[in-house]
Amino acid sequence: MDYLQDLVTLRGKISTVRKQGNSIGFVPTMGFLHEGHLSLIRAARAQNDFVVVSIFVNPLQFGKGEDYAEYPRDLENDSRLAAAAGCDLIFSPAVRDFYPPGYATHVEALGSITQGLCGASRPGHFRGVTTVLVKLFNLVTPDRTYFGQKDAQQCLVVKKMLDDLNFNIQFKIMPTVREADGLAMSSRNKFLTPRQRAAAPVLYQSLRQVEALFRGGERNGAVLKDKVHRLITAVPETEIDYIEIVGVDGLKPAEQVEKSCLVALAVKFGSTRLIDNIILEV
Ligand code: PAF
């Protein structure tokens with residue numbers, strides 16, 4: 001497996017891979033890899049000749065007071081895990097090379113898909129995500145790119161950007177990978193204290209309860225949200241950022257679940273903010 005930091009060397013390598021007629025699968029990450037990332041790398045391995053994983057903690061997608069500096073980093077372990085999952089090349093640029101002094105160009109998807117949910121509580125976050133990705137996609141020129149359902153809003157925003165900007169990249173969404181107790185895998189789980197870690201499965205449990213209510217015929221958005229709210233607030237050390245039920249297409253709030261909806265939540269355990277979601281299929 002190659003490990004590259006330099007943008008020009010990456011371009012050279014990609015050009016060689018292309019000349020040899022290989023397809024490229026790409027998994028963008030911020031590192032501190034876990035089973036969720038590895039499932040994406042394995043999917044890319046199965047569907048492409050050459051697999052690129054980027055590891056870059058992107059400063060543009062963190063707001064003031066967020067955990068950019070604290071975000072966990074472990075390149076050595078990441079390299080080992082990525083290689084074992086089938087990665088051919090890790091690209092991990094330095095921030096000063098990726099965004100050199102004077103860097104001025106940003107890419108932003110506007111409208112309801114970026115306004116609510118994480119877009120409301122993390123202003124500028126998705127602008128940072130689409131900006132870093134447009135640069136990475138231009139450098140890596142993948143045929144296919146792989147994202148996790150856990151970041152459902154990110155998936156919609158990136159898909160929209162790919163369509164709007166006419167990228168010829170297949171967008172693949174893979175299921176959320178969970179711990180045995182249901183907690184969605186996330187690099188941020190490592191910040192949870194033992195007490196918070198024991199409490200955190202309430203997120204998925206409450207989503208499952210909503211699913212059960214929905215299957216039992218409940219369609220009222222407020223009633224469904226209230227169920228999640230009550231279950232989560234009953235657990236100590238939780239602070240709800242949002243619980244929303246939105247249509248899967250435009251992410252607009254749904255008063256009644258009459259078409260397929262996303263139930264999405266963000267909850268803080270101390271200073272650690274976790275997200276999760278399920279889709280109610282209609
Ligand atoms: O999901 C992430 O880890 C990041 O938002 C991404 C897609 C790698 C962009 O920095």
Side-chain angles (χ1 to χ4, degrees), residues 5 7 10 24-41 43-44 51-63 66-75 77-78 81-82 85 87 89-95 97-99 103 105-109 113-114 117-119 121-140 142 144-162 165 167 169-177 184-191 264 266 272-277:
Q5 286 188 293
L7 280 69
L10 173 75
I24 299 177
F26 177 42
V27 182
T29 82
M30 297 205 299
F32 211 71
L33 304 182
H34 51 66
E35 265 308 312
H37 299 113
L38 301 182
S39 72
L40 306 181
I41 299 173
V51 175
V52 180
V53 174
S54 64
I55 297 182
F56 181 63
V57 184
N58 172 33
L60 291 192
Q61 67 189 76
F62 290 80
E66 291 189 351
D67 56 354
Y68 172 67
E70 296 78 36
Y71 197 85
R73 293 157 168 92
D74 187 347
L75 269 174
N77 195 43
D78 286 349
L81 292 174
C87 170
L89 190 165
I90 288 185
F91 174 55
S92 187
V95 173
D97 296 335
F98 201 78
Y99 300 122
Y103 183 84
T105 305
H106 292 250
V107 174
E108 185 171 16
I113 55 165
T114 52
L117 313 180
C118 291
S121 39
R122 302 185 68 189
H125 169 69
F126 288 115
R127 185 177 193 252
V129 170
T130 41
T131 299
V132 75
L133 287 175
V134 99
K135 281 172 67 70
L136 288 169
F137 290 147
N138 277 333
L139 288 162
V140 177
R144 298 176 193 83
T145 187
Y146 298 79
F147 284 72
Q149 170 66 33
K150 187 189 68 110
D151 301 306
Q153 187 174 17
Q154 172 167 277
C155 288
L156 271 150
V157 172
V158 177
K159 175 77 174 76
K160 183 84 181 103
M161 180 195 77
L162 290 174
L165 299 185
F167 275 94
I169 300 174
Q170 285 180 41
F171 187 70
K172 303 277 186 181
I173 303 179
M174 308 306 290
T176 302
V177 179
M185 294 218 179
S186 162
S187 304
R188 291 188 169 97
N189 290 352
K190 80 158 259 185
F191 293 132
T272 305
R273 182 177 176 280
L274 301 181
I275 59 172
D276 202 350
N277 66 80

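Remember, it's 1-based here, ligands and their atoms both numbered in the order they're listed.
- Heavy-atom proximity to Val132, at under 4.0 Å, picks out these atoms of ligand 1: 9 (C), 10 (O).
- Close contacts between ligand 1 and Phe147 involve ligand atoms 7 (C) [criterion: under 4.0 Å to a heavy atom].
- Scanning all protein heavy atoms for the shortest distance to atom 3 (O) of ligand 1 gives Met30 CG, 3.6 Å.
- Ring geometry for Phe26 versus Phe137: interplanar angle over 60°, hence perpendicular rather than tilted (30 to 60°).
- One N or O on the side chain of Ser92 and one on the backbone of Ile55 form a donor-acceptor pair closer than 3.5 Å.
- Between Gln154 and ligand 1, a contact under 3.5 Å exists for at least one N or O pair.
- Scanning the protein heavy atoms around atom 4 (C) of ligand 1, the nearest turns out to be Gln61 NE2, 3.6 Å.
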Is there a side chain to side chain contact (heavy atoms under 4.5 Å, CB included) between Phe56 and Met30 once you walk through the steps? CA-CA 5 Å; Phe56 181 63; Met30 297 205 299; over 6 Å; no
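- Backbone and side-chain nitrogen or oxygen atoms of Thr29 are examined, and none is located within less than 3.5 angstrom of a nitrogen or oxygen of ligand 1.
- Under the 3.5 Å distance criterion, the side-chain polar atoms of Thr130 are matched with a main-chain donor or acceptor of Val107.
- By the 30° and 60° cut-offs, the orientation of the rings of His34 relative to His37 is tilted.
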